[in-house]
Colleague: 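Before we start, here is the structure in question, set down as structure tokens.
First listed ligand is number 1; within each ligand, the first listed atom is number 1.
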Amino acid sequence: MNRKIIVAANWKMNGDTQLINDMSAALNQLTYKNKQVIVCPAAPYLSQAVSAFSHPDIAVGAQTINDRESGAYTGEISALMLNDLNVQYTILGHSERRTHFGESSALVADKVAEALDKNLTVILCVGETLAQREQGETEAYLTSQLQAVLDKVGIKAFEQMIVAYEPLWAIGTGVSASAAVAQETHEFIRGYLASYDETIANRISILYGGSVNAGNCQELFSQTDIDGALIGGASLKVEEFKNICLAE
Ligand code: 13P
């Protein structure tokens, strides 16, 4: 299966107009070989980003949405608003949302359902803590995170989704999972989805996230079940992110 490499930037609560201008100027002039780039700035910059990233291989995504369509939910943003702004993707279930904002797997599943209902492509994040990995609970935990979404929207919905495997111990630590550990875990995730539908599992892109940089991305991308990366820190640096986008 020849899956396109996806390079996704999660700017988290960072970035500004200047970064949008600098990053778009750098990325718009590149030629991407069989690659999709997705830039996910903070919500106030989504509209600007849609205008600035004009290259056909670069899309813009949000970092989360609310699970409801509209209403009295101060501070939240809806899938409909993303539709209105021509934002095509949204990250959901990022570990920082789960940890700092108390998002349960059930709520993440509700958000996935709302996003898909509004035709957004979801980047669904899953990942275990260091303690879970050390106690041999990685597979059970990843399964429980995936299962909540499978129970809510069904396997067919995964046709409109990307999975991002982001082990918490590798996020922002400077210590990436080794290519071998990441590959093994991606293979497990794909295998789990294949137990529901082999064709969908073969087609779905599974991204790795956690301290990806220009130095380690090539080895990660060359693994059979790693179809790209979701990148935090390194996506805020123009030259570094450009080099990741250009990696074969
Ligand atoms: P870092 O690349 O900074 O480790 O962040 C990864 C991440 O959380 C992307 O969503």
Side-chain angles (χ1 to χ4, degrees), residues 5-16 19 23 27 35-43 45-46 49 58-65 87-103 105 108 111-112 115 120-130 132-133 138 141-142 145-146 149 161-179 181-182 185-186 189 205-221 223 226-247:
I5 291 285
I6 297 174
V7 178
N10 177 8
W11 286 2
K12 308 189 179 185
M13 200 170 72
N14 299 296
D16 50 17
L19 184 62
M23 192 65 84
L27 299 191
K35 262 208 199 84
Q36 169 74 54
V37 176
I38 306 166
V39 179
C40 305
Y45 297 102
L46 285 167
I58 308 177
V60 171
Q63 297 174 13
T64 188
I65 58 159
V87 173
Q88 291 159 10
Y89 292 81
T90 185
I91 298 170
L92 290 175
H94 192 282
S95 64
E96 287 150 17
R97 300 290 319 167
R98 295 180 193 253
T99 305
H100 304 309
F101 304 98
E103 290 193 11
S105 286
V108 172
K111 291 186 175 204
V112 169
L120 297 171
T121 298
V122 170
I123 304 174
L124 172 68
C125 300
V126 296
E128 82 288 358
T129 62
L130 184 57
Q132 285 167 327
R133 179 158 283 272
T138 299
Y141 189 62
L142 296 177
Q145 289 184 312
L146 291 169
V149 177
M161 287 166 67
I162 294 165
V163 173
Y165 167 59
E166 299 207 311
L168 272 69
W169 44 272
I171 296 178
T173 60
V175 184
S176 165
S178 68
V181 164
T185 314
H186 282 225
I189 292 169
S205 295
I206 305 178
L207 314 184
Y208 168 75
S211 298
V212 175
N213 57 45
N216 62 17
C217 65
Q218 223 149 350
E219 195 189 0
L220 288 161
F221 294 168
Q223 306 299 309
I226 300 181
D227 308 312
L230 181 55
I231 302 155
S235 74
L236 298 166
K237 302 173 191 158
V238 175
E239 278 309 305
E240 175 108 18
F241 190 65
K242 193 171 135 179
N243 286 333
I244 298 172
C245 290
L246 290 173

Colleague: Which residue owns the protein heavy atom closest to atom 9 (C) of ligand 1, what's the atom, and how far is it?
Modeller: E166 OE2, 2.9 Å
Colleague: Test your reading of the structure: does G232 have an N or O sitting under 3.5 Å from an N or O of ligand 1?
Modeller: yes
Colleague: Which protein non-hydrogen atom lies closest to atom 3 (O) of ligand 1, naming both residue and atom, and how far is it?
Modeller: G233 N, 2.8 Å
Colleague: Counting each atom of ligand 1 from 1 as listed, which ones have a heavy atom of G210 under 4.0 Å away?
Modeller: 4 (O), 6 (C)
Colleague: Quick one: are R133 and V181 in side-chain contact, heavy atoms under 4.5 Å?
Modeller: yes
Colleague: Work out which heavy atom in W11 is nearest to a heavy atom in S235; give both atom names and the distance.
Modeller: NE1-O, 3.1 Å
Colleague: Are side-chain N/O atoms of H94 and E166 paired as donor and acceptor at under 3.5 Å?
Modeller: yes
Colleague: Under the 3.5 angstrom rule, does the side chain of R98 hit a backbone N or O of C125 as a donor-acceptor pair?
Modeller: yes
Colleague: Give me the nearest non-hydrogen protein atom to atom 5 (O) of ligand 1 as residue plus atom name, then the distance to 0.1 Å.
Modeller: K12 NZ, 3.3 Å
Colleague: Would G209 count as being in polar contact with ligand 1, using the rule that some N or O on each side must be under 3.5 angstrom apart?
Modeller: no
Colleague: Please report whether ligand 1 has a polar contact with T173, defined as an N or O pair separated by less than 3.5 Å (distance criterion only).
Modeller: no
Colleague: Specify whether H186 and Y165 have parallel, tilted or perpendicular ring planes, treating 30° as the upper limit for parallel and 60° as the lower limit for perpendicular.
Modeller: perpendicular
Colleague: Indicate yes or no: does an N/O atom of I231 lie under 3.5 Å from an N/O atom of ligand 1?
Modeller: no
Colleague: Can A170 be said to touch ligand 1, with heavy atoms closer than 4.0 Å?
Modeller: yes
Colleague: For N10, is at least one N or O under 3.5 Å away from an N or O on ligand 1?
Modeller: yes
Colleague: Applying the side-chain contact (heavy atoms from CB on, under 4.5 Å) test to F221, which of I244, I6, N216 qualifies?
Modeller: I244
Colleague: Enumerate the atoms of ligand 1 whose separation from the nearest heavy atom of G172 is less than 4.0 angstrom.
Modeller: 1 (P), 3 (O), 4 (O)
Colleague: Please determine whether the number of non-hydrogen atoms from other residues, nucleotides or ligands lying under 6.0 Å from atom CD of Q132 exceeds 12.
Modeller: yes
Colleague: Would a 4.5 Å heavy-atom cut-off, applied to side chains only, mark V37 and F241 as touching?
Modeller: yes
